[in-house]
Amino acid sequence: MSLKSERRGIHVDQSELLCKKGCGYYGNPAWQGFCSKCWREEYHKARQKQIQEDWELAERLQREEEEAFASSQSNQGAQSLTFSKFEEKKTNEKTRKVTTVKKFFSASSRVGSKKVHGFKHR
């Protein structure tokens, strides 16, 4: 066999194998054309950027949650005020009914009713 027949396949220029960042080392397709050193640097930068974005998102969501809670508390305060007025009215009504019922069973009303009916209590 001749030397030419053994060299069949894909011919890649050495410059295509070098790291995309141009550091002089060889890149790897698994690392998107970067060498291991440049890949770690790029991955670290991308990771830090993602962490920063996540923090910003978390802070924004926290603020929104606190604002929503504060808003619901103020609405709940108004509802609570309305409910407390309702409770107060209900309590007054109940007290009035109890007072009326007590009047029916008080000693003065019993004495008056005994005289009317003419019964003598022993």
Side-chain angles (χ1 to χ4, degrees):
M1 277 191 145
S2 69
L3 191 58
K4 285 190 175 189
S5 63
E6 291 178 22
R7 289 195 166 193
R8 285 189 188 183
I10 301 173
H11 176 70
V12 179
D13 192 299
Q14 188 171 358
S15 64
E16 293 174 13
L17 295 175
L18 291 175
C19 177
K20 283 177 24 177
K21 219 169 174 186
C23 66
Y25 290 103
Y26 289 97
N28 184 330
W31 293 327
Q32 300 171 352
F34 293 104
C35 68
S36 61
K37 180 180 178 260
C38 294
W39 168 253
R40 278 192 303 271
E41 290 171 359
E42 290 298 313
Y43 177 76
H44 182 72
K45 283 180 192 174
R47 189 166 175 228
Q48 289 302 318
K49 181 181 177 192
Q50 184 64 50
I51 289 170
Q52 182 63 33
E53 289 172 356
D54 290 349
W55 270 106
E56 290 169 1
L57 175 62
E59 288 173 345
R60 183 176 57 83
L61 292 174
Q62 182 68 31
R63 275 193 309 274
E64 289 174 3
E65 183 69 25
E66 289 170 355
E67 289 168 1
F69 180 74
S71 175
S72 73
Q73 288 295 81
S74 66
N75 289 343
Q76 194 175 32
Q79 290 172 349
S80 177
L81 182 61
T82 305
F83 185 71
S84 68
K85 285 184 178 182
F86 169 77
E87 284 182 319
E88 182 182 338
K89 205 173 192 180
K90 205 67 170 154
T91 303
N92 290 342
E93 186 178 312
K94 192 184 286 184
T95 304
R96 192 168 22 99
K97 285 180 181 179
V98 168
T99 305
T100 305
V101 171
K102 282 183 179 179
K103 284 181 184 177
F104 284 120
F105 296 105
S106 69
S108 63
S109 66
R110 272 191 263 149
V111 172
S113 66
K114 285 181 187 174
K115 288 182 181 176
V116 171
H117 294 292
F119 292 107
K120 200 174 190 181
H121 186 36
R122 297 183 192 190

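Only heavy atoms go into these numbers, but all of them, side chains included; no hydrogens, no water, no symmetry mates. Keep in mind that what you see is a predicted model, and the values were worked out from it rather than measured.
- Looking at residues two or more places apart in sequence or on another chain, you find no side chain to side chain contact (heavy atoms under 4.5 Å, CB included) involving Lys89.
- Here NE2 of His44 is found 14.0 Å from CH2 of Trp39. Values are rounded to the nearest 0.5 Å.
- Residue pairs meeting the salt bridge (Lys or Arg N to Asp or Glu O under 4.0 Å) criterion with at least one member in residues 19-41, sequence neighbours excluded, are Lys21-Glu41, Lys21-Glu42, Lys37-Glu41.
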Report, one line per pair, each donor and acceptor closer than 3.5 Å where one atom sits in a side chain of residues 51-59; sequence neighbours left out.
{"from": "Gln52", "atom 1": "NE2", "to": "Glu56", "atom 2": "OE2", "distance (Å)": "3.1"}
{"from": "Asp54", "atom 1": "OD1", "to": "Gln50", "atom 2": "NE2", "distance (Å)": "2.9"}

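- Nearest heavy atoms, Cys19 versus Phe34: SG-CA, 3.8 Å.
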Let me check something: any side-chain donor-acceptor pairs from residues 61-68 under 3.5 Å, sequence neighbours excluded? List them with distances.
{"from": "Gln62", "atom 1": "NE2", "to": "Glu66", "atom 2": "OE2", "distance (Å)": "3.1"}
{"from": "Glu64", "atom 1": "OE2", "to": "Arg60", "atom 2": "NH1", "distance (Å)": "3.0"}

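- Within the structure, salt bridge (Lys or Arg N to Asp or Glu O under 4.0 Å) contacts touching residues 22-34 (residues at least two apart or in different chains) do not occur.
- To the nearest 0.5 Å, atoms CG (Leu18) and OH (Tyr26) are separated by 5.5 Å.
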